[in-house]
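Contents: one structure, followed by commentary.
Position 1 is the first residue of the sequence; numbering continues from there. Please read all numbers here as calculations on a predicted model, not as lab measurements.
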Amino acid sequence: SAGFIYCKGLHAGYSGNSHIALKHFNLARKDSVWGERAVLAMIWICLNPDNDTLGGEVFAEPERMVAERKENDMLSVKAAEKLLHDLRPTNAQSAMRVRILENYC
C-alpha cells in the first residue's frame, strides 16, 4: 500500500539513503492520502539531500562553500521548484509548509 511505501521512504531518508527514499516517495506521491506528504518529503530531500543542518553553511569556510555549489545543487533546486509548483496543498498546515519550502528555493 502507499502508506507502507511512504514509510519505507521515511526509513530510507532517515538512514541517509536519499536516492532510495526518493524512489519510494515517488511511488507514493500519486496516492490521495499519502501523496501530499510524499511530495513534501521529496522536496525536502531535493533541497537538503545530505540532511545537513540548514544554516550551517554560515560556519563553513568560504572555500568549502564555493566548492560545494555544484551544478547538481542547481538541478536539485529546480526539481524542488517543479514539485512545489505541482503540489496543491489540501489544508492550511500544508499550505504553510509549502510557503516555507518555497523560501528555501
Side-chain angles (χ1 to χ4, degrees):
S1 78
F4 180 67
I5 293 170
Y6 172 81
C7 290
K8 286 173 70 173
L10 279 180
H11 180 266
Y14 286 125
S15 298
N17 299 320
S18 298
H19 184 71
I20 294 170
L22 283 172
K23 284 184 176 184
H24 289 301
F25 289 138
N26 193 41
L27 291 172
R29 77 179 186 158
K30 299 297 180 190
D31 186 71
S32 62
V33 176
W34 296 97
E36 185 176 332
R37 293 177 190 166
V39 172
L40 288 170
M42 289 174 74
I43 293 167
W44 184 253
I45 289 172
C46 287
L47 294 176
N48 190 15
D50 299 326
N51 204 18
D52 291 334
T53 302
L54 291 177
E57 65 272 3
V58 171
F59 303 109
E61 302 161 10
E63 302 87 34
R64 182 174 169 228
M65 289 174 58
V66 171
E68 288 181 359
R69 298 294 268 185
K70 299 183 271 183
E71 185 177 330
N72 193 22
D73 292 342
M74 295 307 293
L75 291 174
S76 294
V77 170
K78 286 185 188 285
E81 288 173 343
K82 183 180 179 333
L83 288 167
L84 275 169
H85 179 70
D86 294 343
L87 185 62
R88 302 287 178 245
T90 56
N91 57 43
Q93 183 179 13
S94 295
M96 181 62 73
R97 286 184 183 147
V98 168
R99 299 255 340 242
I100 290 170
L101 289 170
E102 285 174 341
N103 289 317
Y104 282 114
C105 289

Rounding to 0.5 Å, atoms NZ (K23) and NZ (K8) come to a distance of 11.5 Å
Find the distance between NE2 (H24) and CD1 (I5) and round it off to the nearest 0.5 Å.
-> 8.0 Å
From R97 CZ over to L84 CG, what is the distance, rounded to the nearest 0.5 angstrom?
-> 13.0 Å
Can you sort out the partners of T90 under side chain to side chain donor-acceptor pair (under 3.5 Å), two or more places apart, ordered by chain and number?
-> E36
Reported NE2-to-CG distance for the pair H85 and L83, which is rounded to 0.5 angstrom | 11.5 Å
Taking side chain to side chain donor-acceptor pair (under 3.5 Å) as the test, write out the residues that go with N91, two or more places apart.
-> S94
Single-linkage hydrophobic cluster, 4.5 Å side-chain cutoff, F4 and L27 together = no
Which pair of non-hydrogen atoms, one from W34 and one from A2, has the smallest distance, and what is that distance?
-> CD1-C, 4.0 Å
I45 side chain reached by F25 side chain, heavy atoms, under 4.5 Å = yes
Find out if a path of hydrophobic residues (ILVMFWY) with successive side-chain heavy-atom gaps under 4.5 Å connects L10 to W44.
-> yes
Give the minimum heavy-atom separation between V98 and L87, together with the two atoms involved.
-> CG2-CD2, 3.4 Å
What closest approach, in Å, do C46 and S76 show between heavy atoms, and which atom pair accounts for it?
-> O-CB, 3.2 Å
When rounded to the nearest 0.5 angstrom, what distance separates CG in L47 from CD in E81?
-> 8.5 Å
Inter-residue atom distance I100.CD1 - I43.CD1, 0.5 Å rounding | 12.5 Å
